[in-house]
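Here the structure is laid out as structure tokens; the discussion comes afterwards.
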Amino acid sequence: MFQLLSTYWPHILFVISIAMGAAAAIHATMTKEEVRAATGWVGVIILSPIIGALLYMIAGINRIRRKSLSLRRDALLPAADLHELEKFDAETDAVISQFGRRFAALQTLGDRITRYPLTTGNTIDMLENGDEAYAAMKTAIDGAERSILLETYIFDRDRIGLLIADALIAAVKRGVEVRVLIDAVGARYSVPSILGYLKDGGVTVAVFNGNVIMGLRLPYANLRTHRKILIADGKIALTGGMNIREGFSEEAVGGSFAHDTHFSVSGPAVADLFDVAAEDWRFTTGEVLNSEVWRGDRLERKRGDPVFLRVVASGPDRSVETNHKMLIGAFSVARQSIRIMSPYFLPDRELISALTTAARRGVEVDIVVPAANNLVLVDRAMTAQFDQIVKNYCRIWRSTGSFSHSKLLSIDGTWAYVGSSNLDPRSLRLNFEVDLEVLNAGFAGEIDERIDDAIKSATPVTLEGLWSRPFLVRLLEKVLWLGSPYL
């Protein structure tokens with residue numbers, strides 16, 4: 001056998017390279033919906049035998065074919081509970097009477113591209129920093145009597161991580177059913193990871209899409225859950241952009257803490273947030289969380305609350321680019337203002353066109369990004385395309401102070417979109433994300449106020465400032481911009 005291999009290894013390698021290249025090229029051609037992406041990957045595969053196919057396997061496959069657990073809570077809830085929840089679905093006439101036909105059109109878009117309805121009877125409260133968010137998480141965990149489901153991207157083994165972990169362990173000891181799902185990439189952010197600590201404390205914990213010790217799950221190594229969801233007793237949900245790590249806590253690290261925003265939600269939307277996290281748990285472990293302990297007493301909820309809210313789940317499965325479609329629709333109905341705060345602002349050509357078209361219609365478009373970014377390469381890449389936006393009547397602001405990780409968006413002081421999604425290729429096409437569509441002037445006003453406060457001390461980005469920088473700096477930014485989908 002050794003002699004055969006030593007004699008014919010070039011022929012064997014040639015056959016392997018042809019087989020791998022053909023399989024990868026066919027997969028890229030048949031699954032990519034954008035011709036530029038398909039052409040680019042086929043070129044890499046052909047020009048780099050074997051290596052190109054391996055690269056495609058690691059970074060080019062952006063769809064997970066996973067069996068759906070439910071289309072709308074059906075598999076998790078008995079018929080009576082499902083019927084009760086459906087009473088809270090927002091009626092189009094109510095949206096028209098309170099907000100106008102353009103937002104009713106946006107409701108129709110959401111109904112057609114998302115799994116969950118726009119619902120009434122919800123409350124949503126903003127948690128403006130890490131200390132507020134982590135205190136709310138601990139309170140929810142400490143008060144849980146039956147069940148806790150937590151899904152997160154990063155769960156560090158630091159002071160804040162151990163605070164939340166100890167609360168989860170204490171919940172297990174008092175008889176609460178606890179499930180914790182952490183992304184395989186996010187779990188590596190601290191060494192050693194929090195996994196062993198949670199397992200030793202009796203918490204049932206799993207890793208999404210990989211194994212922390214052995215490696216990621218091929219061919220989906222580039223796909224991650226970026227969702228942050230905590231459900232306690234099926235009654236209260238905490239979600240938004242906040243990872244579990246001490247860098248966001250002023251109490252833990254002092255004045256240099258990073259800023260972020262999280263949200264506390266109650267009402268029928270909690271069932272939809274639970275459905276999102278429970279499906280991810282089922283995909284990872286095979287366990288279906290449909291016993292009585294996982295359901296809240298939804299019959300006590302009162303109808304008629306003015307907060308219209310929809311859970312928008314997106315990811316590289318059947319809900320691919322759902323958040324992208326929602327944003328395109330929202331920008332198209334704007335008349336007065338579009339306000340955006342994002343740490344990583346790398347919109348694709350379609351989103352840039354939607355924003356600049358709105359600005360050309362006379363809509364005031366303000367985009368706030370941090371002056372100090374925790375990801376330097378991403379910051380350089382997004383700076384490379386600022387001129388495309390600024391020269392088309394949009395305003396970009398660099399917020400001063402410590403890094404802000406908040407993801408906030410409002411339209412005309414009426415419609416808001418908050419959650420885990422950044423405006424970059426990874427969030428829009430590669431990550432599993434969860435966001436909230438909120439139709440309520442009071443809440444949208446809070447988002448506007450937070451963005452206004454950032455703008456007051458921010459530095460505007462100008463074309464003169466962008467173009468006056470050294471050529472080599474701008475060239476480097478453009479090179480990094482080419483690789484932005486995988487940063």
Side-chain angles (χ1 to χ4, degrees), residues 54-67 69 148-158 160-162 164-165 168 178-201 203-231 239-248 276-287 289 313-320 344 374-375 377-378 405 419-422 424-434 485-487:
L54 290 174
L55 286 174
Y56 178 75
M57 191 174 180
I58 294 171
I61 298 177
N62 63 352
R63 292 294 296 275
I64 290 180
R65 310 290 178 177
R66 63 181 189 174
K67 183 180 178 181
L69 175 64
I148 298 166
L149 177 59
L150 171 62
E151 177 177 0
T152 189
Y153 176 52
I154 300 173
F155 193 148
D156 276 350
R157 188 167 177 163
D158 55 20
I160 292 298
L162 292 173
I164 301 300
L168 292 167
V178 178
R179 303 291 187 273
V180 176
L181 181 62
I182 308 172
D183 183 74
V185 174
R188 291 177 167 86
Y189 273 65
S190 62
V191 179
S193 77
I194 197 72
L195 295 170
Y197 189 85
L198 289 169
K199 290 177 181 178
D200 290 345
V203 176
T204 303
V205 61
V207 178
F208 183 86
N209 204 28
N211 185 293
V212 173
I213 302 300
M214 299 301 294
L216 301 177
R217 178 183 173 216
L218 293 174
Y220 308 119
N222 202 35
L223 310 181
R224 310 167 188 174
T225 178
H226 196 241
R227 294 168 177 159
K228 294 92 175 176
I229 302 173
L230 171 63
I231 310 285
T239 189
M242 199 83 66
N243 290 299
I244 301 174
R245 55 191 333 196
E246 66 180 27
F248 294 95
V276 173
E279 184 167 350
D280 290 340
W281 179 261
R282 195 266 331 163
F283 169 71
T284 302
T285 69
E287 181 186 14
L289 305 179
S314 59
D317 55 2
R318 66 191 180 284
S319 58
V320 66
Y344 317 119
N374 67 329
L375 299 178
L377 296 183
V378 174
H405 193 249
S420 66
S421 292
N422 299 303
D424 65 0
R426 176 162 291 285
S427 278
L428 296 172
R429 290 190 170 89
L430 298 176
N431 287 344
F432 288 92
E433 306 280 3
V434 64
Y486 306 103
L487 291 177

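Reckoned from all heavy atoms, side chains included, excluding hydrogens, waters and symmetry mates.
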* Structure fact -> Minimal heavy-atom distance between Gly161 and Phe155, with the atoms involved, is O-CE2, 3.3 Å
* Donor on one side chain, acceptor on other, Ser420 and Glu433, under 3.5 Å -> yes
* **Criterion side-chain contact (heavy atoms from CB on, under 4.5 Å) on Leu430 and Leu223, from CA distance to verdict** => CA-CA 5 Å; Leu430 298 176; Leu223 310 181; 3.8 Å; yes
* Structure fact -> Looking only at heavy atoms, the pair that brings Met242 and Lys228 closest together is O-CG, 3.3 Å
* Asked: Looking at Thr239, Thr225, Thr284, which hits side chain to side chain donor-acceptor pair (under 3.5 Å) with Glu151?
  -> Thr225
* To do: For side-chain contact (heavy atoms from CB on, under 4.5 Å), just list the numbers for Phe432 and Asp183, CA-CA rounded to whole Å, side-chain angles, deciding distance to a tenth of an Å, and then say yes or no.
  => CA-CA 10 Å; Phe432 288 92; Asp183 183 74; over 6 Å; no
* **Distance in Å, Ile194 CD1 paired with Ile164 CD1, rounded so as to fall on 0.5 Å steps** => 10.0 Å
* Asked: Would Asn243 and Thr152 satisfy side-chain contact (heavy atoms from CB on, under 4.5 Å), going step by step from the backbone distance to the final call?
  -> CA-CA 7 Å; Asn243 290 299; Thr152 189; 4.1 Å; yes
* Structure fact -> Distance col, row Ser193:OG vs Arg188:CZ, nearest 0.5 angstrom, shows 9.5 Å
* To do: Please examine the side chains of Ile148 and Leu230, heavy atoms only from C-beta on, and report whether any two atoms are closer than 4.5 Å.
  => yes
* Which atoms form the tightest heavy-atom contact between Ser427 and Asn422, and what is the distance? -> OG-N, 3.0 Å
* To do: Show the numbers, then the answer: is there a side-chain contact (heavy atoms from CB on, under 4.5 Å) between Phe248 and Ile160?
  => CA-CA 9 Å; Phe248 294 95; Ile160 292 298; over 6 Å; no
* Considering residues at least two apart in sequence or located in another chain, which fulfil the side-chain contact (heavy atoms from CB on, under 4.5 Å) criterion with Ala313? -> Arg115, Tyr116, Arg227, Val276
* To do: Enumerate the residue pairs fulfilling salt bridge (charged side-chain N to carboxylate O under 4.0 Å, His left out) with a member in residues 239-248, sequence neighbours excluded, ordered by first and then second residue.
  => Asp156-Arg245, Arg159-Glu246
* Asked: Any side-chain heavy-atom pair from Val205 and Tyr197 closer than 4.5 angstrom?
  -> no
* Would you indicate whether the side-chain heavy atoms of His405 and Tyr344 approach each other to under 4.5 Å? => yes
* Asked: Between Arg179 and Thr285, is any pair of side-chain heavy atoms under 4.5 Å apart?
  -> no
* To do: Check whether the ring centres of Tyr153 and Phe208 lie less than 6.0 Å apart, and answer yes or no.
  => no
* Asked: Out of curiosity, Ile244 CD1 to Leu162 CG, how far, rounded to the nearest 0.5 Å?
  -> 11.5 Å
* **Sole residue of Leu181, Leu168, Ile231 in side chain to side chain contact (heavy atoms under 4.5 Å, CB included) with Leu150** => Leu168
* **Value rounded to 0.5 Å, distance of OG in Ser421 from CG in Asn431** => 8.0 Å
